[in-house]
Amino acid sequence: MNALAHKRILLGVTGGVAAYKSAELVRRLREHEAEVRVVMTRSASLFIGPQTLEALSGERVYCELFDPASPSAMPHIDLARWCDAVLIAPASAHLLAKLAHGLADDLLSTLCLAATAPIVVAPAMNREMWLAPSTQVNRAILLERGVRFLGPGEGEQACGETGPGRMLEVPEVLEGLAAVFEPALLSGVRVLVTAGPTREAIDPVRFLGNRSSGKMGYALAEAMREMGASVLLISGPVHLPAPRGVERVMVESAADMAAAVTSRVVDCEIFVATAAVADYRCRAPAGHKIRRTGELLTLELEPTPDILATVAARPAAPFTVGFAAETEGIDGGLADLAGRKLVAKGIDMIVANHVGEPGQGFESDDNELLVSWHAGERLLPRAPKTRLARQLVPIIAERFRAKGQAQGPGPTSRA
Ligand code: PMT
């Protein structure tokens, strides 16, 4: 389905090296049969010529709030009423600040104030500018008001530094924009997602942990929310902000995560276990910091509770989706290992990822997923985790419906 067909997209372009991507965006939007009108800020026109975007969009490009040559006396109102969505890509730190504080000193910021259509932004800036407290406060304000953020991604930047602040690539921006128009596949469905690592205490200052950053689980929680679900995220210690509209509970150890899941799972219809839960913990963590002696140190480990298997074994279990982190790839038996976990844990679906492959799995922005259920499987090729999450949610929704749990028993009958 092409959710962008016949949609009217107002593309705002602000100043930054990533402005060159807006030409490709216009081209792809038109290929998706969207109508596109472009509004550029003054600094954007230092990076890309309006003529380019005019030729690609087949429409006049708007630059000035007060333009005697404009066919409209009030372009900010006319454009705001015309569009089905405002997409600002790239969105500079300055533009985000203006939107957050209601400033209206040029055509783009003014029409955003007047717009009733959804506003979607794809930020692009230096990593320190993105991480600056003021930008993060502005982001939080805008999220709270319903502005959708696509990215930014992490990686090498035009300034030569590396970190968060890269504008997402055009296909990801298009997918994020399309999500605005897609039917809410999980409307009203209650979902519980676990994410991130757990920490198992060795003593008061040390722990057993793992490399999970939470990115995969957070992307899934966000995608499920976007598709209408009511999402509870139970997260191990990570540095990510809670996705907008998602209730989050932070936990530390496998036991904490098990307790949080047990107390809330009764209310949920879909359970997705993305967390990298420790399989073992210290049987008796030391009460004081263990001193260095130069001798061998042996830690006695015991298994942690298997949260996923416990949820799947409940009498009125939700639709259960597990993740399998394997160091073997597709050719090394990934499907077999995942299939065994599907059966052993008694779950409905397993999503396997090859965590031994550089650049995907733990910590990185990308992943590749092999999704298996009892009657089929699908490979989601390597892509950013945000994109994979948007591809995975419709598969989960379809299998969930197929299992006939759409109208599953309510909370009281699960108790
Ligand atoms: O967080 P990121 O950096 O983005 O990385 C993403 C990821 C690699 C962590 C994620 O994609 C992933 O694979 N998560 C599952 C990791 C894992 O613990 O795999 P496993 O094969 O050891 O466990 C199988 C399943 O059992 C998982 O769904 C896990 O949540 C669950 N489990 C495991 C142990 C336990 N005690 N309780 C559980 O519920």
Side-chain angles (χ1 to χ4, degrees), residues 153-154 192-200 208-223 233-240 243 251-262 265 270-281 301-314 317-329 333-372 380 382-389 391-392 396:
E154 280 194 45
L192 198 165
V193 179
T194 67
T198 61
R199 289 180 179 176
E200 311 304 323
L208 297 170
N210 63 65
R211 296 184 183 282
S212 171
S213 61
K215 286 177 188 170
M216 191 70 244
Y218 275 56
L220 261 172
E222 187 161 13
L233 175 63
I234 297 184
S235 169
V238 297
H239 298 289
L240 302 173
V251 295
E252 175 124 341
S253 66
D256 297 341
M257 190 172 275
V261 168
T262 307
V265 75
I270 299 179
F271 176 66
V272 187
T274 322
V277 185
D279 285 317
Y280 290 92
R281 65 184 169 203
L301 303 181
E302 64 179 9
T304 54
D306 189 325
I307 303 170
L308 178 58
T310 309
V311 169
R314 290 179 64 83
F319 185 85
T320 43
V321 182
F323 267 68
E326 308 294 352
T327 45
E328 290 80 359
L334 180 71
D336 270 4
L337 292 165
R340 270 183 246 160
K341 278 187 186 163
L342 180 72
V343 175
K345 292 187 185 250
I347 57 181
D348 296 298
M349 182 180 277
I350 189 109
V351 183
N353 42 189
H354 179 196
V355 293
E357 180 75 9
Q360 66 177 50
F362 285 101
E363 289 178 305
S364 57
D365 283 345
D366 290 355
N367 214 353
E368 180 180 65
L369 302 176
L370 178 66
V371 190
S372 314
L380 302 180
R382 186 160 167 163
K385 286 173 179 170
T386 47
R387 191 167 176 191
L388 289 171
Q391 294 170 354
L392 179 56
I396 295 176

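Whatever order the structure lists them in is the order used to number ligands and atoms, beginning at 1.
Val261 is listed as a side-chain neighbour of Phe271, based on a closest heavy-atom distance under 4.5 Å. Side-chain contact between Val272 and Thr194 is absent, with no heavy-atom pair separated by less than 4.5 Å.
Ligand 1 has no nitrogen or oxygen under 3.5 angstrom from a nitrogen or oxygen of Glu326. Considering both main-chain and side-chain atoms, Gly196 never comes within under 3.5 Å of ligand 1 through any nitrogen or oxygen pair. Remark: ligand 1 and Gly322 share no N or O pair separated by less than 3.5 Å (distance only, no angle test). For ligand 1, one of its N or O atoms has an N or O atom of Ile307 under 3.5 Å away. In terms of N/O distances under 3.5 Å, ligand 1 is approached by Ser212. In terms of polar-atom proximity, Leu308 is counted as a contact of ligand 1, with an N or O under 3.5 Å from an N or O of the ligand.
Short contacts between ligand 1 and Lys385, defined as distances under 4.0 Å to a heavy atom of the residue, involve ligand atoms 2 (P), 3 (O), 4 (O), 5 (O). For ligand 1, the atoms closer than 4.0 angstrom to any heavy atom of Thr304 are 36 (N). Listed by number with element, the atoms of ligand 1 under 4.0 angstrom from any heavy atom of Ala273 are 27 (C), 28 (O), 30 (O).
Ligand 1 has Pro305 within reach: a non-hydrogen atom of the residue lies less than 4.0 Å from it.
Comparing heavy-atom distances from atom 35 (C) of ligand 1 across Leu220, Leu388, Val277, Thr310 singles out Val277 as nearest. Of the candidates Ala254, Ala255, Ala258, Ala275, it is Ala275 that places a heavy atom closest to atom 29 (C) of ligand 1. In this comparison of Phe362, Phe323, Tyr280, the heavy atom closest to atom 27 (C) of ligand 1 sits on Phe323. Considering each of Pro197, Ala276, Ala219, the one bringing a non-hydrogen atom nearest atom 18 (O) of ligand 1 is Ala276.
Of all heavy-atom pairs spanning Thr198 and Ala278, the tightest one is OG1-N, 3.0 Å.
Inspection of the Ser235 and Tyr218 side chains reveals an N or O donor paired with an N or O acceptor under 3.5 Å.
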